[in-house]
There are 2 protein chains.
Amino acid sequence: MRAATLTTKDKILQAAAEIAMEVGPVHLSLDAVARRAGLSKGGLLYTFPTKAKLLEALVEHHVAEFDESLRMQEARRNHKVNSVVQACIEVYRAEFVLNEPEPSGILAAIANDPSFIDPIRRYNKQLLDRMKENSEDPTMALIAFLTIEGLRSLKLLDMDTLTHEDQIAAIDGLRQLFAPCDPDKPSQPAGG
Amino acid sequence: MRAATLTTKDKILQAAAEIAMEVGPVHLSLDAVARRAGLSKGGLLYTFPTKAKLLEALVEHHVAEFDESLRMQEARRNHKVNSVVQACIEVYRAEFVLNEPEPSGILAAIANDPSFIDPIRRYNKQLLDRMKENSEDPTMALIAFLTIEGLRSLKLLDMDTLTHEDQIAAIDGLRQLFAPCDPDKPSQPAGG
DNA sequence: TTGACTTTACCGTCCGGACGGTACAGTAAA
DNA sequence: TTTACTGTACCGTCCGGACGGTAAAGTCAA
């Protein structure tokens, strides 16, 4: 039970994601994961008894991390108008700045079994509902959601379509569209 | 040399994409593709000598189809401002209405070898450049590109996050943002 | 129009290797 | 003594791909 350093589980998850990104999810083998994570195959199978459990953990881990970040961002905004959209933008921005190489583990999971995406499906549906409810313009909330989804998919697929500057511009553009006090949209007082 | 009916190649490509979506790209086997396409494995390997060639064709086919649709839409717009963005929106809208199950073949390709995405990478980079050049507001072009990319990624991953109505709303929202004569944006005459 | 040959478009079988998973004996720290 | 592994050996299955064969369609000289 390591506390401060990286858990064995985390090391395995990270290794799996890295390998998937490098050689493609199809060629993600338990042998390779064990090797990169610095343990034996026996040790890997001790931690994750099947490959499916590993992939499941990969997805769960991803959703849990996002949700945690989102809740932290939302907590600062007390359910004000557009706060969910704004929080999403900031979470993406943060994970973009940190530039974690994790998400492609999800591709590996989906590639093995499309139903592994179900938790993300459910999560995103709820998130979108909350974004729409909390927004002054549901259609713009949709566009914001899709823009972020676009950014994340480019990362997921390791696409360098947008330069670093483009990405910053896109995020800043979104931020302005959903800024707390927007002079173009006098539908709400938007105090604070 | 079949003329009117579906080519053997097309049948194979379609079969491969379908299987990939159903069982996951990892479990996309040549046997299964051959079976679904209605020929033997030998016949399949006659048409595509290796699995890699099949996957490559899957990606190429996808890019080519998109490019053809895009050029047709662009041709109607004579390089007017925002015409590239508008054309993109219409192409997405058309393929959304038709609802082709094809794109997940791309996932299969990437899952086998991430470098198979390179043609798409290159294509999208050029496309984005053209969108920015042709747009009055490069940042809004970025957001449009990403929104469409978001829609496509949801389809790629077979996510039903957006309802049919949501998707229509999103497309119509985009359309309005980049409409030929937009009263909120008096930067160009935008005749026609 | 017929026979000889070529090309196209497959079929069916087989093989080597990779991979997921099992089994089990050992070990070092807590 | 339990926890958390290491390391090795192995099994069964699946899969990509090579290969030999073949039936039908097309080509072309006589």
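In what follows, chains carry the letters A, B, and so on, assigned in the order in which the sequence lines appear, proteins first and then strands, with residues in each chain numbered from 1.
Separating the NZ atom of B:Lys9 from the P atom of C:dC10 is a distance of 12 Å, rounded to the nearest angstrom. A straight line from CZ of B:Arg35 to P of C:dC10 spans 18 Å, rounded to a whole angstrom. Across the protein-nucleic acid pair, A:Asp31 atom CG and D:dA9 atom C1' stand 13 Å apart, rounded to whole Å. What separates CG of B:Leu30 from P of C:dC14 is a distance of 19 Å, to the nearest Å. With rounding to whole Å, A:Leu44 atom CG is found 12 Å from C:dT22 atom P. In this structure, CG of A:Asp113 is placed 15 Å from P of C:dG20, rounded to the nearest angstrom. Atom-to-atom, NE2 of B:His27 to C1' of C:dA18 comes out at 15 Å; the value is rounded to the nearest Å. One can place CG of A:Leu45 at 13 Å from C1' of D:dG7, the figure rounded to the nearest angstrom.
Counting only heavy atoms from C-beta on, B:Ser29 has its side chain closest to D:dC15 among C:dC19, D:dC15, D:dG7. Of all nucleotides listed (D:dC5, C:dC11, C:dG20), D:dC5 comes nearest to the side chain of A:Leu39.
Using a 4.0 Å cut-off between charged side-chain N and carboxylate O, A:Arg77 and A:Glu90 make no salt bridge. Note on B:Glu74 versus B:Arg130: salt bridge recorded, some NZ/NE/NH1/NH2 to OD/OE distance being below 4.0 Å.
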(request) Any chance you could lay out the salt bridge (Lys or Arg N to Asp or Glu O under 4.0 Å) test for B:Asp118 and B:Arg122, step after step, and finish with the verdict? (result) CA-CA 6 Å; B:Asp118 285 348; B:Arg122 277 194 296 274; 5.2 Å; no

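Between the base of D:dG7 and the side chain of A:Lys41 there is no donor-acceptor pair shorter than 3.5 Å.
No continuous path of hydrophobic side-chain contacts links A:Ile106 to B:Val26 [ILVMFWY only; heavy atoms under 4.5 Å].
A:Leu28 comes within 4.0 angstrom of the backbone, heavy atoms only, and of no base. At the heavy-atom level, B:Thr50 lies under 4.0 Å from the strands shown only through sugar-phosphate atoms.
Phosphate proximity of D:dC5 to A:Thr8: present, with a side-chain N or O under 4.0 Å from OP1 or OP2.
Counting only N and O atoms by type, the side chains of A:Ser29 and A:Asp31 include no donor and acceptor under 3.5 Å apart.
Looking at which nucleotide of DNA chain C each of A:Lys51 and B:Tyr46 is closest to, the 5′-most match is held by B:Tyr46.
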